[in-house]
Protein chains: 2
Amino acid sequence: MKQRLAAIGTVETLPHRVAAFLSREIESGELNPGARLPTEQELSEKFGVSRNVVREAIAQLRADGMIEARQGIGAFVLAPEQRAAIRIDREALKDTHNMERLFELRCILEAESAALAAARRNQGHLDSIKAALDRMGGEERWEEGSIDADLLFHREIARATGNSYIHTFISFVCEQIRHSIHYARMTNPLHDLVEINVGEHVRIYDALVAGDPAAAEAAMRAHIVGAANRVGVKLPLSKAGGAK
Amino acid sequence: MKQRLAAIGTVETLPHRVAAFLSREIESGELNPGARLPTEQELSEKFGVSRNVVREAIAQLRADGMIEARQGIGAFVLAPEQRAAIRIDREALKDTHNMERLFELRCILEAESAALAAARRNQGHLDSIKAALDRMGGEERWEEGSIDADLLFHREIARATGNSYIHTFISFVCEQIRHSIHYARMTNPLHDLVEINVGEHVRIYDALVAGDPAAAEAAMRAHIVGAANRVGVKLPLSKAGGAK
DNA sequence: GTGATACATATCATCCTACAACTTGCGTCG
DNA sequence: CGACGCAAGTTGTAGGATGATATGTATCAC
C-alpha cells in the first residue's frame, strides 16, 4: 500500500519530464518519423539540465522504440509501427472519453478470452478464480480490497486461457482502467462507491465451471458493459445490445 | 529500410544489456516483487560498468513500472500488475509456440474490431483501406512491400474503429508477428514465400463497404486463421471451426 | 529510563568533466 | 582525379562531486 501511494503521487523526476516532453512532441507530429532530434548538448541547454538527464530520457524513448540513436550521428524518430512497447499516457486516462475507449478494448479482449478459458480451464484455474470470487463478496468489505479481488478475478480468468500474452494484455488494460477510475473519482466524488456486482461475476464463474464458452462470453460481455455503466460510461458496442 | 536493417542488427548497448539482465532476473523470479535491488554502486562493480550506465538501465526498468526507485533507500521490484508498459521479449518471438499465442491474440482483437469498423467506418477510412488493398495485389510484387501493405491494411481497419487504443494494440501485435515470422524464416527457409491471399482481404473489404459487422467479423476471423495456417501455425480457436 | 534532538551513514538524483568510439566532410597529397 | 588522412561533431562510457532524502544511532535533557 505504501508502494501504491508512492506510485500514484510519483515525484516527477527530471529525466521523466524530458522524456514526456519529447514523447509528446513526437506524438503530436512536430517531430516526424525520420527526423533528427537535437543533440544531447542542445537538449541539455534547452531544458536547463545536465546531459546525463537527457541521456536517461533518451534511453527510455529508445527502449520503447520511439527513437533510435546512432553513435556519431544523432538520434532519429522511428515510425509508430516500430514501437517495441505499448505505453499509455497517464494524463490521457483522465479523459472520460479515453476511459470509454479502454472499456471497449477490454470488452473485446475479455469476452472472447472468457470463451477460451471456458474451453481450456483446469481445476487449478477454477480454484484460483473461485478464491478471488470469495474475496470479493466475502467478509472484507474494505473497498480497495474488493477492487483488488475484482481485478484478480479477471486476471485469473485470463490466465486460464493458457495464453500468456492474453494474460499480459488483459492485466494491463484492467490496470489502466483502475487508474482511470481512480482519477475520475478524485475530480468527481459522486461515484464515491464503485459497487461491485457479485451476481455478474458468479454467472461468469458458473459458465466457466460448466465449460460453456458461449455462456462465458455472453456473461463476461454483460458484466463489462454493466461495470462500465456503473462508472458512468455507456458502451456503444455493436454486439452488446443487438447481437443474439 | 536503412532503419529496418539497423533496428534488426542493433548493437547491444551497455545499458541495454544491464537492463536485460535485471529484467530477466525479475521475470524468472530470482527477484520477487518487493525485493530490493543491489545499490547502483554494487551493480556498477558487478557488471564492470560505470554507475552512469547502471542508472540508464534502471531508468528503463523504472519507466516500464518494473521497479521503483526511492531516493535515500534503494530500488524495489514492483508487482507485475503495476507495469506501465507492455513489452515483448524479442527472443521469445523465436519460439513457434509463442507465435501461435500471438496469432490467437490477434484473432481475438481483430475479428471483433472488424465488426466495429464495419459499423463506424466513413468514406475516408474506406479509401485508405482500399489503397492498401491495391498496393497488395498491385504491380509491386516485391515481397517486403506486400507485407508492408498487408500490415497497413490491418492497421487502417483498426483505425476505422475510431478507437485509438484498439489501433495501438492491433498495430503492436501485428508488428510482433511480423518479427516472429521474420525469425522463423531465417531458421527454416521453407516458408521462403509467405503468400498473401488477396481474396480473403477483398472479402473483408467488401463487408466493410457493405457496413455488415457480422460478415466483417467472420471474414476477418477466416483470414487470420488462414494466415496462421500459411506460416505453419494452426489455431485451436474455439470459434474458428465450431461456431455458428 | 525515556524521549527528543542532532549527527552520521547510506542511497538515489543531478551535475560536471573527460575521454573513447564512430561518422561525416573536407582538405591534402600522390 | 582519386585515395588517404585528418579534424570536427555526436553519441557512448567512465569517474567523481555535490545535493536531497531516509534510516539508524548516539547524545543529551528531563
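Proteins get letters first, then strands, A, B, ... in listed order; numbering begins at 1 in each.
- Side-chain contact between Val231(A) and Phe103(A) is present, with at least one heavy-atom pair separated by less than 4.5 Å.
- At dA14(D), one or more side-chain N or O atoms of Ser50(B) fall inside 4.0 Å of OP1 or OP2 (strictly under the cut-off).
- Residue pairs that meet the side chain to side chain donor-acceptor pair (under 3.5 Å) test with at least one member in residues 160-171 of chain A, sequence neighbours left out, are Asn163(A)-Glu104(B).
- For Arg87(A), the salt bridge (Lys or Arg N to Asp or Glu O under 4.0 Å) test picks out Asp64(A), Asp64(B), with sequence neighbours left out.
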Polar pairs (N or O, both sides) under 3.5 Å between protein and nucleotides 17-24 of chain C?
| from | atom 1 | to | atom 2 | distance (Å) |
| --- | --- | --- | --- | --- |
| dA21(C) | N3 | Gln71(A) | NE2 | 3.0 |

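- Stacking of Arg70(A) on the aromatic ring of Phe76(A) is recorded, both the 6.0 Å distance cut-off and the 45° axial limit being met.
- Residues forming a side chain to side chain donor-acceptor pair (under 3.5 Å) with Asp127(A) (at least two apart in sequence, or on another chain): Gln123(A).
- Straight-line distance from the CD1 atom of Ile67(A) to the P atom of dT10(D): 16 Å, rounded to whole Å.
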Enumerate donor-acceptor pairs with a distance under 3.5 Å from any side-chain N or O in residues 16-38 of chain B to protein atoms, sequence neighbours excluded.
| from | atom 1 | to | atom 2 | distance (Å) |
| --- | --- | --- | --- | --- |
| Ser28(B) | OG | Arg24(B) | O | 3.1 |
| Ser28(B) | OG | Glu25(B) | O | 3.2 |
| Arg36(B) | NE | Ile73(B) | O | 3.4 |

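- By the ring pair (Phe, Tyr, Trp, His ring centres under 6.0 Å) test, His223(B) is found to be paired with His154(B), His201(B), residues two or more places apart in sequence or in another chain being considered.
- When the salt bridge (Lys or Arg N to Asp or Glu O under 4.0 Å) test is applied to Asp150(A), no partner is found at least two apart in sequence or on another chain.
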Protein-nucleic acid N or O pairs under 3.5 Å, nucleotides 3-7 of chain D:
none

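- Computed from coordinates, the Glu56(B) CD to dT11(D) P distance equals 12 Å when rounded to whole Å.
- To the nearest 0.5 Å, the span separating CG on Leu109(A) from SG on Cys174(A) amounts to 9.0 Å.
- Within the helix from dG1(C)-dC30(D) to dG30(C)-dC1(D), the inter-axis angle between the opening and closing five-pair segments is 30°, rounded to 10°.
- Not one side-chain nitrogen or oxygen of Arg70(B) sits closer than 4.0 Å to the OP1 or OP2 atom of dA22(D).
- Each salt bridge (Lys or Arg N to Asp or Glu O under 4.0 Å) pair with one or both residues in residues 40-52 of chain A, not counting sequence neighbours, appears once here: Glu40(A)-Arg51(A), Glu40(A)-Arg55(A).
- Remark: Arg62(A) pairs with no residue by the salt bridge (Lys or Arg N to Asp or Glu O under 4.0 Å) rule, at least two apart or across chains.
- Side-chain N/O atoms of Thr13(A) include one lying less than 4.0 angstrom from OP1 or OP2 on dT14(C).
- Close to dG12(D), at under 4.0 Å from its OP1 or OP2, lies a side-chain N or O of Arg62(A).
- The interatomic distance linking Phe76(A) (CZ) with dT10(D) (P) rounds to 11 Å, in whole Å.
- Side-chain contact between Ile166(A) and Glu112(A) is absent, with no heavy atoms from C-beta onward closer than 4.5 Å.
- Ile58(B) comes within contact range of no nucleotide atom at all, as no heavy-atom separation falls under 4.0 Å.
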Report, one pair per line, the protein and nucleotides 25-27 of chain C atoms (nitrogen or oxygen only) whose separation is under 3.5 Å.
none

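- Leu14(A) contributes atom CG, which lies 9.5 Å from atom CD of Glu56(A) (distance to the nearest 0.5 angstrom).
- If you check dC15(C), dT10(D), dA14(D) against the side chain of Val53(A), the one that comes closest is dC15(C).
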